[in-house]
A.B. asks: 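Sharing a structure below in structure tokens format, with a few things to ask.
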Amino acid sequence: MNLKGKDFISLTDFSADEILYLLNYAQELKEQTKNGVLTPVLKDKNLILIFSKPSLRTRVSFEIGMKQLGGSSLTLKQDEINLGVRETISDTARVLSRYADCVMIRTFAHKDVEEFAKYSSVPVINGLTDDSHPCQIMADLLTIKEHFKTLKGLKLVYVGDGNNVANSLLAGCALTGVDVTISCPEGYEPMEKYFSFAKEAAKKSGAKVEIEHNPQKAVSGANIIYTDVWASMGQETQADERKEIFKSYQVNEELVAKAQSNVIVLHCLPAHREEEITHNVIEKFADIIFEQAENRMHAQKAIMAALVK
């Protein structure tokens with residue numbers, strides 16, 4: 001499948017076949033890495049990483065992943081580039097396109113990544129925006145596929161804030177045939193455009209897509225329970241208020257017991273233990289949660305290789 005030159009900004013831009021191709025490619029690259037075989041498919045290629053929002057996993061997984069593919073990476077922090085402030089995003093995109101073969105951006109406004117991609121002559125990867133987190137969901141789907149050996153017919157329940165992760169989960173699950181339920185307080189639902197996209201995609205894949213405000217009801221029959229922090233980066237002033245609003249949406253042992261006996265729990269990290277998830281639950285499922293974190297690197301390697309080589 002030829003994805004060379006395509007941007008990776010939202011899962012809504014991809015077909016189910018394209019996502020499954022990338023997941024299979026990620027599995028192949030992961031197996032090679034585990035066997036000590038590092039095929040330099042991006043030899044002499046250069047990746048620029050732009051961070052308006054800092055991140056442990058995003059930076060390390062992209063930098064090491066690019067190195068494993070045989071390429072090089074350069075990281076630019078917010079104070080070094082000040083995206084859209086020191087000069088226009090369009091000018092920055094056209095300059096960096098002359099230096100690199102791919103650009104990853106992790107920032108706040110989704111429109112900034114879209115504008116950058118419009119003027120960039122090289123592929124642009126969304127490392128996270130306030131609207132979406134497509135690389136994370138590719139890692140999530142890879143983890144689920146590895147564990148259950150399939151995607152179709154599984155039920156994933158996301159419990160918590162209808163944030164960028166929830167938005168992208170709706171798209172990724174619906175496209176690949178995973179039943180997806182978002183369980184959140186009223187007024188904290190995912191963005192309507194992602195929910196509408198998922199409903200349409202589900203008609204083709206056979207998945208079920210719903211919002212269920214009662215978390216105990218939502219997790220009935222779940223194979224996967226997924227959660228994220230209640231206050232995302234940039235929402236720190238709302239943290240105390242959100243703790244009160246979301247307190248009944250904690251993923252704890254009582255909630256997990258209402259799901260399937262083979263349920264797994266996922267968390268995109270960082271985790272605020274004893275808030276959105278208890279210490280006991282995260283430790284019980286630590287092996288798969290940290291496998292999920294590792295899979296960020298393998299999923300992103302597949303994305304970079306497919307877009308650039």
Side-chain angles (χ1 to χ4, degrees), residues 7-20 22-23 110-111 113-114 125-145 148 150-215 217-230 232 246 249 251 259 263-269 276 292 295-296 299 303:
D7 297 315
F8 194 83
I9 296 176
S10 173
L11 294 182
T12 60
D13 300 326
F14 289 81
S15 68
D17 286 343
E18 288 171 332
I19 289 175
L20 292 172
L22 289 172
L23 292 175
H110 192 77
K111 64 179 177 59
V113 178
E114 293 178 323
I125 298 173
N126 175 6
L128 174 144
T129 65
D130 287 346
D131 286 11
S132 69
H133 200 352
C135 290
Q136 178 63 56
I137 274 56
M138 293 300 290
D140 301 337
L141 293 173
L142 175 60
T143 306
I144 294 166
K145 189 170 182 284
F148 290 103
T150 188
L151 291 172
K152 279 190 175 292
L154 297 174
K155 179 181 178 180
L156 181 147
V157 179
Y158 174 91
V159 181
D161 183 32
N163 59 15
N164 49 8
V165 172
N167 290 334
S168 293
L169 272 173
L170 279 168
C173 289
L175 283 165
T176 56
V178 179
D179 295 344
V180 55
T181 299
I182 305 296
S183 185
C184 59
E186 291 188 27
Y188 292 86
E189 295 85 0
M191 294 174 68
E192 177 58 34
K193 68 177 182 179
Y194 288 96
F195 185 71
S196 296
F197 174 89
K199 294 289 283 187
E200 285 300 311
K203 292 177 182 178
K204 185 174 181 179
S205 70
K208 297 177 183 177
V209 177
E210 64 178 353
I211 293 176
E212 171 53 63
H213 295 295
N214 184 323
K217 184 178 178 181
V219 300
S220 177
N223 304 104
I224 307 107
I225 297 175
Y226 194 123
T227 192
D228 190 13
V229 295
W230 293 336
S232 299
F246 285 91
Y249 291 82
V251 176
V263 70
I264 61 172
V265 174
L266 298 179
H267 194 306
C268 54
L269 301 177
E276 76 276 0
Q292 176 190 7
N295 280 341
R296 280 287 300 277
I303 293 165

A.B. asks: What pairs with His267 under side chain to side chain donor-acceptor pair (under 3.5 Å), at least two apart in sequence or on another chain?
C.D. replies: Glu276
A.B. asks: Only one of Val157, Val165, Val159, Val265 passes side chain to side chain contact (heavy atoms under 4.5 Å, CB included) with Tyr226; say which it is.
C.D. replies: Val165
A.B. asks: How many angstroms lie between CG in Asn223 and CD1 in Ile144, if you round to the nearest 0.5 Å?
C.D. replies: 9.5 Å
A.B. asks: For Phe8, check ring pair (Phe, Tyr, Trp, His ring centres under 6.0 Å) against everything at least two apart and list the hits.
C.D. replies: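 Only Phe14 meet the ring pair (Phe, Tyr, Trp, His ring centres under 6.0 Å) criterion with Phe8.
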A.B. asks: Would you call Lys203 and Glu200 a salt bridge, using N to O less than 4.0 angstrom?
C.D. replies: yes
A.B. asks: Could you go through residues 180-188 and list every donor-acceptor pair under 3.5 Å that involves a side-chain atom there, pairing it with any protein atom two or more places apart or in another chain?
C.D. replies:
{"unit_1": "Thr181", "atom_1": "OG1", "unit_2": "Glu210", "atom_2": "OE2", "d": "3.0"}
{"unit_1": "Ser183", "atom_1": "OG", "unit_2": "Glu212", "atom_2": "O", "d": "2.9"}

A.B. asks: What distance separates Leu169 CG from Cys268 SG, expressed to the nearest 0.5 Å?
C.D. replies: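 Answer for the CG-SG pair, Leu169 versus Cys268, is 8.5 Å.
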A.B. asks: Can you confirm whether Phe197 sits close enough to Leu175 that some side-chain heavy atom of one is under 4.5 Å from a side-chain heavy atom of the other?
C.D. replies: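 A side-chain contact exists here, since the closest heavy-atom pair is under 4.5 Å.
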A.B. asks: Roughly how far, to the nearest 0.5 Å, is CG of Asn214 from OH of Tyr249?
C.D. replies: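 Rounded to the nearest 0.5 Å, the OH-CG separation comes out at 7.0 Å.
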A.B. asks: As an exercise, state the distance from CD1 of Ile224 to CG of Asp140, rounded to the nearest 0.5 Å.
C.D. replies: 10.0 Å
A.B. asks: From Glu18 CD over to Asp13 CG, what is the distance, rounded to the nearest 0.5 angstrom?
C.D. replies: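 Nearest 0.5 Å value for the CD-CG distance: 9.5 Å.
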A.B. asks: Identify the residue among Asp228, Thr227, Ile211 that makes a side chain to side chain contact (heavy atoms under 4.5 Å, CB included) with Tyr158.
C.D. replies: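 When side chain to side chain contact (heavy atoms under 4.5 Å, CB included) is applied between Tyr158 and each of Asp228, Thr227, Ile211, only Asp228 qualifies.
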A.B. asks: Of the non-hydrogen atoms in His133 and Ser168, which two are nearest, and what is the gap between them?
C.D. replies: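 Scanning both residues completely, I find the closest heavy atoms to be N-OG, 2.9 Å.
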A.B. asks: Does the side-chain hydrogen bond (donor to acceptor under 3.5 Å, both in side chains) test come out yes or no for Asn126 and Ser132, once each step is laid out?
C.D. replies: CA-CA 8 Å; Asn126 175 6; Ser132 69; 2.9 Å; yes
A.B. asks: Nearest 0.5 Å, please: how far is NZ in Lys152 from OG1 in Thr176?
C.D. replies: 7.5 Å
A.B. asks: Within the distance-only criterion (no hydrogens, no angle test), does the side chain of Asn167 pair as donor or acceptor with the backbone N or O of Pro190 below 3.5 angstrom?
C.D. replies: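 Flag not set: sc Asn167 to bb Pro190 has no pair under 3.5 Å.
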A.B. asks: Run Met138 and Leu11 through side-chain contact (heavy atoms from CB on, under 4.5 Å) and show every step you take.
C.D. replies: CA-CA 9 Å; Met138 293 300 290; Leu11 294 182; 4.0 Å; yes
A.B. asks: Not counting sequence neighbours, which residues clear side-chain contact (heavy atoms from CB on, under 4.5 Å) with Lys199? List them please.
C.D. replies: Phe195, Val209
A.B. asks: Do you know which two heavy atoms are closest between Gly172 and Leu141, and how far apart they sit?
C.D. replies: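 Distance-wise, the nearest heavy atoms are O-CD1, 3.9 Å.
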A.B. asks: Is Leu151 close to Leu23 at the side-chain level, that is, under 4.5 Å between some pair of heavy atoms?
C.D. replies: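 Answer yes - side chains close enough.
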A.B. asks: Would you indicate whether the side-chain heavy atoms of His110 and Asp130 approach each other to under 4.5 Å?
C.D. replies: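 Asp130 vs His110: side chains apart.
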A.B. asks: Taking only residues two or more places apart in sequence, or in another chain, which ones meet Ser196 in a side chain to side chain donor-acceptor pair (under 3.5 Å)?
C.D. replies: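 Result, side chain to side chain donor-acceptor pair (under 3.5 Å) vs Ser196: Glu192.
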A.B. asks: Are the side chains of Gln136 and Leu128 in contact, using a 4.5 Å heavy-atom criterion?
C.D. replies: no
A.B. asks: Sequence neighbours excluded, which residues qualify as salt bridge (Lys or Arg N to Asp or Glu O under 4.0 Å) partners of Asp179?
C.D. replies: none
A.B. asks: Within the supplied structure, the quantity of interest is the number of heavy atoms (other residues, nucleotides, ligands) at a distance under 6.0 Å from Lys217 NZ; does it exceed 12?
C.D. replies: no
